[in-house]
Amino acid sequence: MATKTIVNTSDAPAAIGPYSQAVRAGATLYCSGQIPLHPETGELVGGDDVAAQTRQVLENLGAVLKAGGADFDSVVRCGVFLVDMNDFAAMNAVYTEFFGEHQPARACVAVCTLPKNVRVEIDAIALASD
């Protein structure tokens with residue numbers, strides 16, 4: 001049976017509900033959705049600028065991936081949640097900066113609202129190293 005390990009890091013915002021930043025099951029890392037909160041202050045970053053929000057989201061996600069023994073190159077799937085599909089191009093431009101040539105499977109959906117009224121949230125599944 002695979003072991004399950006809860007992953008938490010102070011380099012990403014603390015969970016704002018009854019969940020973990022990530023859970024590692026064997027060599028698979030399941031990262032909870034990240035929103036654009038500053039890890040130290042818990043304050044929203046980026047105002048209404050979806051590009052700035054996406055950058056903070058991915059910096060937070062990168063910290064969680066690292067804490068779980070993974071990185072952006074080891075991500076196999078992402079879920080992207082936007083409150084406005086008109087933000088898709090701006091989000092995608094920043095997303096490409098972080099993932100480069102590596103292109104994990106991805107779903108992007110429009111939602112009515114997100115926690116703290118942010119414009120973007122991203123989760124991920126990655127293969128973790130031992």
Going by side chain to side chain contact (heavy atoms under 4.5 Å, CB included), Q34 matches just one of V64, V120, L58. Which one? V64
Does F81 have any ring-ring contact (aromatic ring centres under 6.0 Å, His included) partners at least two apart in sequence or in another chain, and if so, which? none
Not counting sequence neighbours, list each pair that qualifies as a salt bridge (Lys or Arg N to Asp or Glu O under 4.0 Å) and has a residue in residues 60-74. none
Partner set under ring-ring contact (aromatic ring centres under 6.0 Å, His included) for F88, not counting sequence neighbours: none
State, yes or no, whether a side-chain contact exists between S74 and H102 at a heavy-atom distance under 4.5 Å. no
List the residues meeting side chain to side chain donor-acceptor pair (under 3.5 Å) with E59, not counting sequence neighbours, and say none if there are none. none
Short side-chain to backbone donor-acceptor contact, S129 and G69, under 3.5 Å: yes
Holding to side chain to side chain donor-acceptor pair (under 3.5 Å), I want the full list of residues that pass it with D11, two or more places apart in sequence or in another chain. none
With I16, which residues qualify under side-chain contact (heavy atoms from CB on, under 4.5 Å), at least two apart? Y19, I35, L37, P115, K116
Write down the atom of A70, the atom of A126, and the distance for their closest heavy-atom approach. CB-CB, 3.9 Å
Can a donor-acceptor pair be found, under 3.5 Å and without considering hydrogens, that links the side chain of R24 to the backbone of G68? yes
Restricting to side-chain contact (heavy atoms from CB on, under 4.5 Å), what partner residues turn up for V83, sequence neighbours left out? V111, L114, R119
Can you list the residues that meet the side-chain contact (heavy atoms from CB on, under 4.5 Å) rule with T96, with sequence neighbours excluded? none
Taking only residues at least two apart or on different chains, which pairs with a member in residues 50-73 satisfy ring pair (Phe, Tyr, Trp, His ring centres under 6.0 Å)? F72-F98, F72-F99
Residues passing the ring-ring contact (aromatic ring centres under 6.0 Å, His included) test with Y30, sequence neighbours excluded, are none
Would you check if L29 and V7 make a side-chain contact, meaning some heavy-atom pair closer than 4.5 Å? yes
What is the minimum heavy-atom distance between D123 and S32, and which atoms define it? CB-C, 3.8 Å
Side chain to side chain donor-acceptor pair (under 3.5 Å) contacts in which one or both residues fall within residues 43-55, not counting sequence neighbours: R55-E97
side-chain contact (heavy atoms from CB on, under 4.5 Å) filter on H38, not counting sequence neighbours, yields E40, T41, V45
Got a second to check how far L82's CG is from E121's CD, nearest 0.5 Å? 10.5 Å
Where do G46 and A52 come nearest, in terms of heavy atoms and distance? CA-CB, 3.7 Å
Taking the side chain as every heavy atom from C-beta outward, state whether L65 and L61 have any pair of such atoms under 4.5 Å apart. yes
Here the gap from Q21 atom CD to I6 atom CD1, rounded to the nearest 0.5 Å, amounts to 10.5 Å
Closest non-hydrogen atom pair, C108 against M91: SG-CE, 4.2 Å
Should I122 and V50 be counted in the same cluster of Ile, Leu, Val, Met, Phe, Trp and Tyr side chains packed under 4.5 Å apart? yes
Minimum-distance pair of heavy atoms, taken over all atoms of T9 and A63: CG2-O, 3.8 Å
